Number of protein chains: 2
Amino acid sequence: MSIDRRSGCPINLSLEVFGDRWSLIILRDMIFGGRRHFRELLNFSLEGIASNILADRLKRLMELGLLTKADDPSHKQKAIYSLTEMAITLVPIMAQLGAWGRVWLPVTEELSIRAELLEKGGPPLWDQFMDELRHEHLGAPSKTPPGTPTVRQQLRAAYEEVVERKAGSVTA
Amino acid sequence: MSIDRRSGCPINLSLEVFGDRWSLIILRDMIFGGRRHFRELLNFSLEGIASNILADRLKRLMELGLLTKADDPSHKQKAIYSLTEMAITLVPIMAQLGAWGRVWLPVTEELSIRAELLEKGGPPLWDQFMDELRHEHLGAPSKTPPGTPTVRQQLRAAYEEVVERKAGSVTA
DNA sequence: TGCAACCGATTGCAAAATGCAATCGGATTG
DNA sequence: CAATCCGATTGCATTTTGCAATCGGTTGCA
């Protein structure tokens, strides 16, 4: 697939890649949620994506060079989707989108804590995260010293802490 | 208008605001192109937006709080569209989108020079630009010392320099 | 060996969004 | 007073979206 080419403007071309309601959501779930399989993306989707749309977008994202697909050696039917470098470098865009949404839109606390952390961490944290994604998806050597919590672990821990605190304040 | 609320995730909510092919294009033309009138947005649109879609998106962006509309005192039929603070703070997102598109997509040189400048300038330049937009659209006092070229002037000059150079290299 | 659960999709269909072309009534300009 | 410009609106065909059901094959378990 090649994109429309309405114009050669970088913002326009970026919009032609993910100027729809689902492409960036799928990439978000892969990047921040660590999803790698079709069913994970389908069943754990917060927004309730339909299977035909998911299939269509995965295909499109592969054709555009943002994802690759490989067989899962442990299961003859399973496919493993991986982010390409092109998709991994979306992290700063995701961070800015999250930061903006957190300020201006009716976000929930538990779903925005990750955006807050990512914003506070700034470019150094984004770089560390991208490095981890390269390790996870491209097999690149990891630069983070062993024992250090990964960015995704930090984000997950913060999320769970909020969920727990909110649950506690109701029952306590 | 209130958005769909598929989920309270900031990235999802941001996508519900401008996860379509035109909303961000219109905002881009207002932010970087300085467009304020319906006809300017319609006739100078690189991507060729249709008038019904433009009308629909302007209405939607107003309902979402990204734009305001006012009468043009010089012409009883003219409406002046202004960016709100909510829209002005999209500048970092625009910059990141431009930077990413410039790397990964088939941009043209003259249309990506502005993205390059914005990327090189980084957050300090974005802040200066947002300050100018606040002055232009919200009537805020300008912090930039008089005599300093505005960011939009710098971007425009760079664009025209490329266009001129490319035209020269053909005829020379 | 049988069967339920799971795998990545595909199909059919209705509803909504998109995009194009023509046109609206009023305001302004020459 | 005619041509042009103003911000839209209308009609209509095409495309995209989203939901629900289902596909053929694989796997895990009794």
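These numbers come from the heavy atoms of this one structure, side chains and all, not from hydrogens, waters or symmetry mates. What you see is a predicted model; the values in this text were computed from it and never measured.
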Report each atom pair, protein N/O against N/O of nucleotides 24-27 of chain C, whose distance is under 3.5 angstrom.
unit_1, atom_1, unit_2, atom_2, d
C/dG25, N2, B/Gln77, NE2, 3.0
C/dG26, N2, B/Gln77, OE1, 2.3
C/dG26, N2, B/Gln77, NE2, 3.0
C/dG26, N3, B/Gln77, OE1, 3.3
C/dG26, N3, B/Gln77, NE2, 2.6
C/dA27, O4', B/Gln77, OE1, 2.9

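- Not a single donor-acceptor pair under 3.5 Å links the side chain of B/Asp72 to the backbone N or O of B/Ala79.
- Side-chain atoms of A/Thr89 and B/Trp100 form a donor-acceptor pair, as typed in the model, at a separation below 3.5 Å.
- Remark: B/Arg6 is positioned above the aromatic ring of A/Trp22, its terminal NZ or CZ atom under 6.0 angstrom from the ring centre and at most 45 degrees off the axis.
- Residue-environment remark: NE2 (B/His135) stays at or below the threshold of 12 foreign heavy atoms within 6.0 Å.
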Given the rule in the side-chain contact (heavy atoms from CB on, under 4.5 Å) test, do A/Met94 and A/Phe32 qualify, once you have shown the distances and angles that lead to the verdict?
-> CA-CA 10 Å; A/Met94 296 275 188; A/Phe32 297 102; 3.9 Å; yes
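- Put simply, the side chain of A/Arg102 never gets that close to the backbone of B/Cys9: no donor and acceptor are under 3.5 Å apart.
- Out of C/dT10, D/dT17, C/dT18, the shortest distance to the side chain of B/Asp20 is found at C/dT18.
- A salt bridge links A/Arg152 with A/Glu136; the closest basic N to acidic carboxylate O contact falls under 4.0 Å.
- Residues from residues 25-38 of chain B lying near DNA chain D, meaning a heavy-atom separation below 4.0 Å, are B/His37, B/Phe38 in numerical order.
- Rounded to whole angstrom, the span from the CD1 atom of A/Ile53 across to the P atom of C/dG8 amounts to 18 Å.
- A salt bridge between B/Arg28 and B/Glu47 is present, with a side-chain N of the basic residue lying under 4.0 Å from a carboxylate O of the acidic one.
- Between B/Leu58 atom CG and D/dG7 atom C1' the separation is 10 Å, expressed in whole Å.
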Please enumerate all protein N or O atoms sitting under 3.5 Å from an N or O of nucleotides 11-16 of chain D, with distances to 0.1 Å.
none

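- Residue A/Phe44 contributes atom CZ, which lies 15 Å from atom C1' of C/dG8 at whole-angstrom precision.
- Straight-line distance from the CG atom of B/Asp56 to the P atom of C/dG19: 11 Å, rounded to whole Å.
- For B/Trp22, no side-chain nitrogen or oxygen approaches OP1 or OP2 of C/dA17 to under 4.0 Å.
- For B/Glu160 and B/Arg165, the salt-bridge test fails: no basic side-chain N is under 4.0 Å from an acidic carboxylate O.
- Closest approach of B/Leu83 to B/Ala87, counting heavy atoms only: CD2-CB, 3.9 Å.
- Between A/Lys69 and A/Arg6, the residue anchored closer to the 5' end of DNA chain C is A/Lys69, taking for each the nucleotide with the nearest heavy atom.
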With side chain to side chain donor-acceptor pair (under 3.5 Å) as the test, would you mind laying out the steps for A/Ser82 and A/Arg36 before giving the verdict?
-> CA-CA 7 Å; A/Ser82 298; A/Arg36 303 294 294 266; 2.7 Å; yes
